Every structure is written in C-alpha cells, then in structure tokens.
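Below is one structure; the comments refer to it alone.
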Amino acid sequence: MTGTTLSEYESRARELLPGPVWDFLAGGSGTESAVSAGRAALDRMRLRPRVLVDVSACDTRCSLLGAPLAAPVGIAPMAYHRLVHPEGEVATARAAGDVGALFTVSMFASRTLEDIAAAATGPLWLQLYWLRRREQLTGLIRRAEDAGYRALVLTVDAPRVAHRPRDVRNGFAVPAGIRAVNVDASVMSASHGGTAGESAVARHSREQFDPSITWADLAWIRERTALPLVLKGILTGEDAVLAVEHGVDGIVVSNHGGRQLDFARPAADALPEISEAVADRCRIILDGSIRHGTDIAKALCLGAHAVFVGRPALWGLAHSGSDGVSAVLRGLSNEFDEVMALMGAVRVEDFGRSGIVHH
C-alpha cells in the first residue's frame, strides 16, 4: 500500500474526521460485538497451501456477472462519501477504475449517479433500499440503466436501521451541506437536523423504509429492469435457496458490518452454508471485515466468487482522496497475488474447500 499500512490509513482517517462522523462509520449496533466478530471469524481460519506448482504466472483476474475485474475485489455500498472527502463518490469511482475493481454505489450517494459514472472506468452497480415511495426506486433504476450501471443490489437486512448507540449518543444527523442527491429531498429530510439522544438516520429509516416487503415483491423489480439483481444481507442457507428460487443473480453474504442485528453471525461463518445451499446457481460475494489478501483467499476457498471491501475504502478516501482508495485496493490485490503464489493457486478458480481449515 505504497508504504502505508491499512492500520495507518485507519488511524489517519480517525484523526481527520469529526468524532460523530467517525462514530457513524466505525460504530455498530447494540453491544457492537458483531463488528469485531467478523474479524475474529476470519482469523480463526487457516490456509492449506500446495507446493511444487508452477506459479510463475498467477492470474488474479476474474469476471463477476459479466464485469471483468483485475482481482475478485469490489467496494461495498456505503452512503455519503462526502462525509470523508469533498469529491465523495466521484473520487471513489475513479480509484476503483484505476485498479480494475467494482464499485457498488449507494442509493444514498452524495454525488449524482451520472457524475459518478462519468468518472468511472470500471464497472458500477447500484444499491437500493426498499422505500415506501416506489416511484423513487423506479426513477433510480431508469437512471442507473441510462448511465451504464451493470446490476442492482437490494439490501434486505434493513427493514429499519438498528439502534446504534454511538449515533444516539451523538445525536447524529447528516450535515446540511451533504445530501443524498439522487433521492427526492422530501424523502431524505428526516436524515438532517440532529436531536439530542436520537439518530436522524434511524428516524429516517422508520419513516421511509418499507418493512412489509417479502420475497414476492422481488417480481416488482424484475418487471422494471433487465439488469441483474443481487441481494445483500443474506446469512442463512434457507434464504439463499429462496433467493435462487426467485431468480436472483447474486448474493452478498453480509451482516451489514455489524450495524444491523446485534449478535448476527459473522458473514465468513455463514458463507460455507450458503455456498452449499446455492450449489453454484448464482454468484456469491463475501462482505465484511476484509483487511488482508489472505481474507480474499479464505473467502474463495469457502465458496465466494469475490469480496466486498467496506470501511477500508473510506479510510483511504479520508486519507488522500482517490489516491488513498487506489492504494488500499491495490495493496489488497497485491497481497492476494502473493497469496496465490504461496498457496499454489495459478487462477482464481483454483481455490476450493481443501484450501482451508477452521480452528
């Protein structure tokens, strides 16, 4: 990472950002135990390398729902990148393109879908929450199609935003100068205007998120677009099977970075069950606590086709804008290239269950 370690990016971001913003990004729900549990789950796993394999030319490239990637790495959807850098998602998109990574843009992005697409040279996906006002979703889907986004990612583990003690303690609200510019201002108004002892983000979700949706509602999206549909926030084999039965193209195994259900199982622990249930009938992405190239290898061994990187991308953005995001992503990819060679894996497809053990 150009001489700077990931922990140094994290430390510098914490120094640069206002306390309430840092807490919004770093914090979790309830006891916050799920934030650290994701890292612990990956640390419990050990790799089983093979030797005497010709690894003189390892190939980190792969394809994800038709999108060519330089390595099996993408950026997870996260709202309001302008909280950490003035250029916001435009800088993130530029960095992802520079390193050949996928960027999943949040519907609550602080730059327009079109400006983000203009800056991007790599593939873009658009993430959605299910709002009560469905015409907002229809408009976003049309704009995403017109701007060249390649897939839709529906977050399904957030019928409402969970209790996040740090945000409540800080009375956190999105600053007035930063908006979710792709959604009508009337829909987003509750996100602004802090109140002591209350999270404006949680208040907004209670007002605007539709908690009544079921599997049957996925047909509504399917009727309105031909873009691939990915569900983010699945942690059980049962739901993975239902996703396949409803024609979903991809699954993001995620516990929302420890920010939704407190004590939800870590994504890495859920991955083997989901991979087995899916049986290669759709693409699987692991999201959560990816910090090292070895984490990418572990995810692939457990059945994922790629990983999403969350908070570290924002650390890089806060540190040095587009250059910082590029450095974080390139560092992970370079580490993964080394892991491939030391694992005896020439291609991404060479990773499998025999390459990992649990402790």
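Please read all numbers here as calculations on a predicted model, not as lab measurements. Only heavy atoms go into these numbers, but all of them, side chains included; no hydrogens, no water, no symmetry mates. In this chain, numbering begins with 1 at the start of the sequence shown.
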> For the residue pair F336 and F351, is the inter-centroid distance of their aromatic rings smaller than 6.0 Å?
Replying inline: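 Distance test on ring centres: under 6.0 Å, yes.
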> What residues, two or more places apart in sequence or in another chain, satisfy ring pair (Phe, Tyr, Trp, His ring centres under 6.0 Å) together with F108?
Replying inline: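 In terms of ring pair (Phe, Tyr, Trp, His ring centres under 6.0 Å), with neighbours along the sequence ignored, F108 is linked to Y129, H204.
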Do other residues, nucleotides or ligands put more than 12 heavy atoms under 6.0 Å from the [atom1] atom of [X]?
X	atom1	result
R14	CZ	no
R222	CZ	yes
R160	CZ	no
E276	CD	no
R132	CZ	yes

>> Both conditions, 6.0 Å and 45 degrees, for the charged tip of R150 above the ring of W125: are they met here?
In response: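 Here R150 fails the 6.0 Å and 45° test against W125.
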> Does F24 have R259 sitting over its ring (NZ/CZ under 6.0 Å from centre, angle to axis within 45°)?
Replying inline: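 Yes; both conditions hold, so R259 lies above the ring face of F24.
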Please tell me whether [X] and [Y] have a donor and an acceptor in their side chains that are separated by less than 3.5 angstrom.
X	Y	value
D269	H358	no
E87	S322	no
R164	Q260	yes
T225	E145	yes
T31	D262	yes
H319	R12	no
T92	H81	yes
E335	T294	no

Do side-chain atoms of [X] reach the backbone of [Y] as a donor and acceptor pair under 3.5 angstrom?
X	Y	answer
D249	L229	yes
T60	A70	yes
T195	E198	no
E273	G237	yes
N182	R111	yes
R143	L140	no
S11	S7	yes
D184	S186	yes
Q127	L154	no

> Pairs in or reaching into residues 298-315: which pass salt bridge (Lys or Arg N to Asp or Glu O under 4.0 Å), with residues at least two apart or in two chains?
Replying inline: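 Passing the test, one end in residues 298-315: no pairs.
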Carboxylate-amine/guanidinium proximity below 4.0 Å for [X] and [Y]:
X	Y	result
R94	D323	no
R142	E114	no
R46	D43	no
R134	D217	yes
D98	R330	no
R203	D167	no
K232	D287	yes

> Yes or no on salt bridge (charged side-chain N to carboxylate O under 4.0 Å, His left out) for E207 and R133, after CA distance, side-chain angles and deciding distance?
Replying inline: CA-CA 11 Å; E207 291 183 9; R133 290 174 55 178; over 6 Å; no
>> Working to the nearest 0.5 angstrom, can you tell me the gap between L42 CG and R39 CZ?
In response: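 CZ of R39 is found 5.0 Å from CG of L42.
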> Of all heavy-atom pairs between V99 and S326, which one has the smallest distance, and what is that distance?
Replying inline: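 Scanning both residues completely, I find the closest heavy atoms to be CG1-O, 3.8 Å.
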> Of all heavy-atom pairs between V84 and L314, which one has the smallest distance, and what is that distance?
Replying inline: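 Scanning both residues, the minimum pair turns out to be CG2-O, 4.1 Å.
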